[in-house]
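One structure is given below, encoded as structure tokens.
In what follows, every heavy atom counts, from backbone to side chain, and hydrogens, waters and symmetry copies are set aside. One is the number of the first residue; the rest follow in order along the sequence. Both counts, for ligands and for their atoms, begin at 1 and track the order of listing.
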Amino acid sequence: GGAPVLERLVVVGLGLIGGSFAKGLREKGLFREVVGVDRNVESCRLAVELGVVDRCEEDLATACRGADVIQLAVPILALEKVLAQLATFDLGHAVLTDVGSAKGNVLRAAREAFGGVPVRFVPGHPIAGSERSGVTAADGRLFRRHKVILTPPDGVDSEALLLIERLWRALGADVEQMDVEHHDQVLAATSHLPHMLAYTLVDSLAKRHENLEIFRYAAGGFRDFTRIAGSDPLMWHDIFLANRDAVLQVLDDFRDDLDALRAAVVAGDGHHLLGVFTRARVAREHFS
Ligand code: NAD
């Protein structure tokens, strides 16, 4: 509540995440205006119509002039280009942040674009989303009671960090800080690997059963396990390419364990199978 203290929020990329961030903060009235930038003209039109932003601006430099906060919510592989563009003009006092699902690549891109990570850059990653995408899916309550991980680089401006924390908290999120490498390893394990497995399972079955008839016999377990195979293919394509090293590490570990399970089935080693399943069930109980 209270009077708005900040002048302008600029959100670049008005999709599910950027749109939800813009809409939620617009509803909170923390900024005098919320301005959107999106290369898709239709998304811009819809964003204004749906009350996601106050207005859209075609030119990035014009939108950013005098801005207090610039949120980058474009697809991961588009981020490099946008950072390079931002580096060509004066960002003034603006605090820069992003929402990319992998973070090491973002820091590398920022370092490259600016010749060093800007001290007012606070990289972030909201652990919230859905299988939907685009501005029509924008929801100001998307981040409520969800974690947002910030990965501030060494030497980050502490006021910039506090401001970004404050914005996410205003949206009801639970903000945590993590070291970049740790973030990328944790997310590779808990998010990227499961998506890879779900996609592969569905594709592996689908291409062996052309009329997809077998899916008629799929039960609840299959449905639960494969829900995330309905996620945006382009976004996940970006994530695997961006978080390559961490993804390869968890994939190799997983393949070792799958091979061991296979060997146990071949050998009729029920002890191994029971061991795996029992440990997994106990571990699973810690987060249900
Ligand atoms: P989205 O496809 O819904 O939206 C992306 C938007 O960016 C689109 O409106 C597109 O037109 C626009 N865009 C693309 N290139 C652009 C450019 N060069 N300049 C300006 N606009 C451009 O995607 P999303 O789901 O909102 O994801 C955005 C970011 O959020 C990604 O980096 C993703 O990793 C991250 N993220 C997504 C989720 C999720 O579940 N969807 C969760 C956490 C983080």
Side-chain angles (χ1 to χ4, degrees), residues 10-24 35-50 52-53 56-64 70-88 96-107 109-110 113 123-140 142-144 146-151 168 171 173 175-176 178 183-184 186-188 190-192 194-195 198-199 227-243 246-247:
V10 176
V11 178
V12 187
L14 296 169
L16 170 73
I17 302 296
S20 298
F21 186 83
K23 195 172 190 204
V35 175
V37 178
D38 198 295
R39 65 167 184 190
N40 183 321
V41 182
E42 182 61 6
S43 298
C44 290
R45 194 187 63 75
L46 279 167
V48 174
E49 190 176 302
L50 297 169
V52 167
V53 295
C56 276
E57 182 66 60
E58 248 178 71
D59 182 54
L60 184 65
T62 309
C64 294
I70 303 169
Q71 169 65 279
L72 306 176
V74 297
I76 294 184
L77 297 186
L79 205 59
E80 265 172 52
K81 221 181 330 167
V82 176
L83 284 166
Q85 263 178 285
L86 288 171
T88 63
L96 203 57
T97 186
D98 83 306
V99 292
S101 307
K103 302 264 54 102
N105 65 302
V106 177
L107 279 180
H125 176 205
I127 313 293
S130 75
E131 288 76 64
R132 302 184 57 205
S133 60
V135 71
T136 53
D139 172 5
L142 182 69
F143 308 111
R144 263 194 212 169
H146 282 271
K147 280 194 173 39
V148 171
I149 302 174
L150 301 180
T151 59
W168 285 114
L171 297 175
V175 183
E176 287 187 23
M178 236 187 228
H183 168 279
D184 284 358
V186 168
L187 270 293
T190 56
S191 171
H192 309 169
H195 278 81
Y199 276 131
R227 177 177 62 82
I228 52 181
S231 305
D232 182 0
L234 259 183
M235 180 174 112
W236 283 95
H237 149 278
D238 280 19
I239 291 174
F240 290 122
L241 296 179
N243 199 21
V247 162

Sub-3.5 Å N/O-N/O distance, L16 and ligand 1 | yes
Is it the case that more than 12 heavy atoms not belonging to R45 sit under 6.0 Å from its CZ atom?
-> yes
Heavy-atom distance from atom 23 (O) of ligand 1 to the protein below 4.0 Å?
-> no
Identify the protein heavy atom lying closest to atom 31 (C) of ligand 1, giving its residue, its atom name and the separation to 0.1 Å.
-> V74 O, 3.5 Å
So, K103 and D98, do they make that salt bridge, N to O below 4.0 Å?
-> yes
Dump the intermediate steps for side-chain contact (heavy atoms from CB on, under 4.5 Å) on L79 and V106, then the final yes or no.
-> CA-CA 7 Å; L79 205 59; V106 177; 3.5 Å; yes
In terms of atom number and element, which parts of ligand 1 are under 4.0 angstrom from non-hydrogen atoms of L14?
-> 9 (O)
List the closest protein heavy-atom neighbour of atom 20 (C) of ligand 1: residue, atom name, distance to the nearest 0.1 Å.
-> R39 N, 3.5 Å
Could you check if a side-chain atom of I149 sits within less than 4.5 angstrom of a side-chain atom of I127, using non-hydrogen atoms only?
-> yes
Which atoms from ligand 1 have a heavy atom of I76 less than 4.0 Å away?
-> 32 (O), 34 (O)
Could you tell me whether D38 and ligand 1 have an N or O pair separated by under 3.5 Å?
-> yes
Please tell me if the side chains of H237 and L77 come closer than 4.5 Å, counting only heavy atoms from C-beta onward.
-> yes
Any side-chain heavy atom of I228 sitting closer than 4.5 Å to one from P194?
-> yes
V135 to ligand 1, any heavy atom closer than 4.0 Å = no
Provide, to 0.1 Å, the distance between atom 34 (O) of ligand 1 and the closest protein heavy atom, together with that atom's residue and name.
-> S101 OG, 2.6 Å
What do we get for A128 next to ligand 1 when only non-hydrogen atoms under 4.0 Å count, side chain, backbone, both or neither?
-> backbone
Compute the shortest N/O to N/O distance between K81 and ligand 1 and return yes if it is under 3.5 Å, no if not.
-> no
Near S133, which atoms of ligand 1 are under 4.0 Å from a heavy atom of that residue?
-> 3 (O)
Can you find a heavy atom in the side chain of S101 that is under 4.5 Å from one in the side chain of L187?
-> no
For N40, atoms of ligand 1 separated by under 4.0 Å from a heavy atom = 11 (O)
What protein heavy atom sits nearest atom 28 (C) of ligand 1, and how far away is it?
-> A73 O, 3.3 Å
Polar contact flag for P75 and ligand 1 (N/O pairs, less than 3.5 Å) | no
The closest protein heavy-atom partner of atom 18 (N) of ligand 1 is V82 CG2, 3.9 Å
Between S130 and ligand 1, find which residue part has any heavy-atom pair under 4.0 Å and reply side chain, backbone, both or neither.
-> backbone
Just which atoms of ligand 1 are under 4.0 Å from any heavy atom in G100?
-> 32 (O)
Do any nitrogen or oxygen atoms of I17 come within less than 3.5 Å of a nitrogen or oxygen of ligand 1?
-> yes
E80 atom CD, neighbour heavy-atom count above 12 within 6.0 Å = no
Could you label the plane-to-plane angle of the W236 and H195 rings as parallel, tilted or perpendicular, counting under 30° as parallel and over 60° as perpendicular?
-> parallel
Closest to atom 30 (O) of ligand 1 (heavy atoms only, candidates I127, I228, V99) is V99
Determine whether C56 and L14 make a side-chain contact, defined as any pair of heavy atoms from C-beta on separated by less than 4.5 Å.
-> yes
Any N/O of G134 closer than 3.5 Å to an N/O of ligand 1?
-> yes
State, with a plain yes or no, whether a side-chain heavy atom of L72 is found less than 4.5 Å away from one of L83.
-> yes
Is there a side-chain contact between C64 and L86, using heavy atoms and a 4.5 Å cut-off?
-> yes
